[in-house]
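What follows is a set of notes on a single structure, which appears directly below.
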Amino acid sequence: MAKKTKTKSVDRRNFLKTAAASAALAVTKPGAAEAQQAPPAPRNASAPVLARPAAAPAAVVVDEAKTIDRPGSDFMVDVIKSLGFEYMFGVPANTYMSLQESIVNYGRNKDPEFILATNEDLAAAMAHGYAKIAGKPALVGCHGTVGAQHATMGIYDAFCDRVPMVMILGNIFDAVKRGTGKVAWVHSAQDAAALVRDMTKWDDAPHSLEHFAESMVRAYKIAMTPPMMPVALVLDVELQEDEVPSNANLHIPKLGTLVPPAADPAAVAEVAKLLIAAEHPVIVVDRVARTPEAIQHLIELGETLQAAVVDRKGRMNFPNRHPLEQTRSRMGVANADVVLGIEVIDFAGVRSQRPGSRRISITANDLFAKSNYTDYLKFAETDIAIQADGEATLPLLVDAVKRLITPDRKRVFEERGAKLAGAHKEAFDQYTRQAAIGWNDSPVSTARVTAELWPLIKNEDWSLVADLSFFQDWPMKLWNFDKHYQFIGGPGGYGIGYGAPAAVGAAIANKKYGRISINIQQDGDLMMGPGSLWTAANHHVPLLTIMHNNQGFHNECMEAERLALRRGRDGTRAHIGNRLIEPVIDYAKMAQSMGMYGEGPISDPSQLGPALKRAVDVVKRGEPAMVDVRTQPR
Amino acid sequence: MKGNKFYRMLLFTATALALSSSVALAQDSSLVGNAENGKKLFATYFCWSCHGSNGRAGGTAPAIAPGTRSAEDLIKYVRKPRGPMPPYTSKSISDRDLADIAAFLRSVPKDPDPKTIPLLNQQ
């Protein structure tokens, strides 16, 4: 082995020269200017030796292996940073490990930060929850084959829920590079995106770094254009790992400001006319509000018309305590003469019983559809269907209504508003009476869980990051929601296993605002992916998890019983295949095993308040906590 | 005469039999109901899965406790219920078991008045 001794002074000069050259290289490399954080200087073989203190023995310079100073994945990180991604949720996989390494080391693991999930399904669901709070997509990293197969459920939920995310699917394009072993071959695909194509809006498999830059910016733009949906990029291992050619002229395309599609003003004016003339117009909203402005516009529209607002809570759209809120009141849709649905995907099922009632739909869902999965639901018959984004159209509609209003109509509206306020109060008084039912029962009633928690959080900045499908919507009936981030809606595709990871993702997005996130967690859902708890603990996510522990897949339990009875059999074996009772699962210990605070099970309702208080205190200190509550079925 | 006497005896016997049968029905323990056993049966037959563990907090189906419904009324209803409730026919559950369940539902204590619950009187 050839060895060559050099003097210290020469070594120091060489070191400085090399370091300066490296720094210059870093600055002049394409895309570096876009990076939010300056990348570290490339590793230099002689630097560690030459940087020794003067008193050290003479250094020995050896012939060291050549390193890849500027892998393609470093440039990919430049592109990713230019788009403002904050997180990449992923399970490590060698087909995208190069990108992961560049994020962690070149990108200093910030914007994006790599969040380790324990299953790709959980990673996708975390990105789903994150996007609903952050208002923008996260990256999800996985193998293009075995990882994507895990991830499909999470992607499908986001697809059905119209939520953006950018999937990164690692792959080995060139068969020659797969060697002769098994793993690389079974972890590669001719068309890796085919697996997720039916549940993504767009995909691409770039063959060069220039192509990657354009496709990543395009992917972001497509994902963020309503109707928002997941997109996928298949990344070749070689493209990530190989050195950027010295003569590469790489460019990051400019994204610019994205303006969602608003409705045609003439159509909006027509809708305004119908609303003004209506006797009992009802505004039905589902996935409208992405921002606080949308809530304000909806309030303004409702108040201008003094019209009923029915919030189906696909998002937090309208304050639940506003007197015009009629979601479950006697003055809802049933008797409407005009029904305006804004971003209501299942509008076919929203029907007035009143003969001759008019139906208007405003939704971006009409602008894009895929064929295979029938998430487009039953065709909704309408009198006017406006294909445009609901949030973007609201200000136009408010203006149009205000232009047409007359003093006579205003008086009529005021009378109507008083009636609506009365119906709203009646509905909430009824909720209070209903909440007392089974108040002291054990297992604990879901209403009591909700009521016990409210005084502990109502003076905090809180966000309910839970799916309430099986919780009778109690928080909507007993709490006070008035901010857009206080509720994120449900899973979209109703795939079990969404709840826990989506809550973690949403809580990660809430963390930088100092918000407390609350998840009411179904036990069956958690069992699909308990690793979500570990991610919450690993990243110190201030998330309170309250187990809605009814000990099983309860919906199916009821269905099994119904089927048996309709067949003249007894329903006494409905637990088989549906309940999680033999053995009983200790969720508090599960939480503790993942490194987070866990308490319970709580079956005695009188013990619940103090337990919740202890857990909320933990969350206020910036850590996750769980209280396992044995609850009534619903 | 003999004939008349025979018919009078027959009438007497039939009346006695009918009366004793009525008494037996009225005193049949299956219709009086055992609340303790009814609580177990309420769980065994998965009534709780829709109506909640004590019949009053299920969420999926209406609260049915505390109730005043007699065993006869309950039996009549569940054999051919209205709405989404599945039928509990005699092939699925006996009158005796339903009477026990009815007794249990009548034994469930009343809920507190919501006005007396501080947690339900806050904003």
Side-chain angles (χ1 to χ4, degrees), chain A residues 321 428-448 450-455 458 470-474 478-480 550 552 554-575 578-579 603 609 630-634, chain B residues 39-67 77-81 83-98 101 104-105 107-123:
Chain A
R321 297 282 186 160
F428 273 78
D429 288 347
Q430 190 181 357
Y431 304 153
T432 304
R433 290 194 294 276
Q434 289 169 343
I437 297 173
W439 183 256
N440 293 317
D441 279 358
S442 174
V444 187
S445 78
T446 49
R448 178 133 187 194
T450 309
E452 293 279 358
L453 184 57
W454 180 234
K458 67 178 183 180
F470 299 128
F471 210 69
Q472 293 193 63
D473 287 344
W474 274 118
L478 299 178
W479 297 2
N480 187 5
N550 58 20
H554 190 73
N555 201 56
E556 288 65 34
C557 190
M558 288 189 294
E559 196 53 38
E561 185 200 9
R562 283 192 198 110
L563 276 173
L565 292 167
R566 288 197 178 107
R567 294 169 182 185
R569 299 161 186 159
D570 72 46
T572 58
R573 285 173 293 281
H575 62 286
N578 296 309
R579 299 211 70 209
S603 297
R630 288 272 171 80
T631 52
Q632 291 289 334
R634 292 285 171 83
Chain B
K39 184 170 186 171
K40 289 178 195 161
L41 293 171
F42 195 75
T44 303
Y45 283 99
F46 279 83
C47 309
W48 65 271
S49 71
C50 296
H51 293 285
S53 64
N54 284 326
R56 58 185 177 185
T60 311
I64 51 173
Y77 184 79
V78 303
R79 295 302 187 210
K80 195 174 181 183
M85 182 170 165
Y88 281 75
T89 65
S90 55
K91 287 188 267 183
S92 303
I93 186 169
S94 69
D95 286 0
R96 174 188 291 270
D97 283 356
L98 283 169
I101 288 171
F104 162 62
L105 295 175
S107 75
V108 172
K110 280 186 178 173
D111 283 312
D113 182 342
K115 289 176 188 155
T116 66
I117 302 172
L119 285 171
L120 294 180
N121 291 281
Q122 55 176 348
Q123 271 289 309

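Lettering follows sequence order; numbering is per chain, from 1. Side-chain atoms are counted along with the backbone in the values below, which use heavy atoms only and exclude waters and symmetry mates.
Taking the six-membered ring for Trp and thresholds of 30 and 60 degrees, A/His575 and B/Phe46 have nearly parallel ring planes, at less than 30 degrees apart.
Considering only heavy-atom pairs separated by less than 4.5 Å from chain B, the leading option among A/Gln434, A/Glu561, A/Arg567, A/Arg562 is A/Glu561. Most heavy-atom pairs under 4.5 Å with chain A, from the set B/Thr116, B/Thr44, B/Thr89: that is B/Thr44. Between chain A and the options B/Ala43, B/Ala65, B/Pro87, the largest number of non-hydrogen pairs under 4.5 Å is found for B/Pro87.
Not a single donor-acceptor pair under 3.5 Å links the side chain of A/Thr572 to the backbone N or O of B/Tyr45.
For a residue to count as touching a neighbouring chain, one of its non-hydrogen atoms must lie under 4.5 Å from one of that chain's; by this rule A/Glu452 touches chain B with backbone and side chain alike. For chain A, no part of B/Pro109 is nearby; none of its heavy atoms comes within less than 4.5 Å. Proximity to chain B (any heavy atom under 4.5 Å) is shown, for A/Thr446, by neither the backbone nor the side chain.
In this view, B/Ile64 and B/Phe42, B/His51, B/Leu105 satisfy the side-chain contact (heavy atoms from CB on, under 4.5 Å) rule, not counting sequence neighbours. Taking A/Ala451 as the reference, A/Trp439, A/Leu478, B/Leu119, B/Leu120 meet the side-chain contact (heavy atoms from CB on, under 4.5 Å) condition, with sequence neighbours excluded.
Distance check, rounded to the nearest 0.5 Å: CD of A/Gln632 to CZ of B/Arg56 gives 9.0 Å. In this structure, the separation between OG on B/Ser49 and CZ on A/Arg634 is 9.5 Å, given to the nearest 0.5 Å. Here CG of B/Asp113 is found 10.5 Å from CZ of A/Arg433. Values are rounded to the nearest 0.5 Å. Here the CD1-CG distance, from B/Ile117 to A/Asn440, works out to 7.0 Å after rounding to the nearest 0.5 Å.
In plain terms, the two heavy atoms of A/Arg566 and B/Pro86 that are nearest each other are CG-CB, 4.3 Å. When all heavy atoms of B/Cys50 and A/Met558 are compared, the closest pair comes out as SG-SD, 3.6 Å.
Partner of B/Ser53 under the side-chain contact (heavy atoms from CB on, under 4.5 Å) criterion, chosen from A/Ser445, A/Pro443, A/Pro633: A/Pro443.
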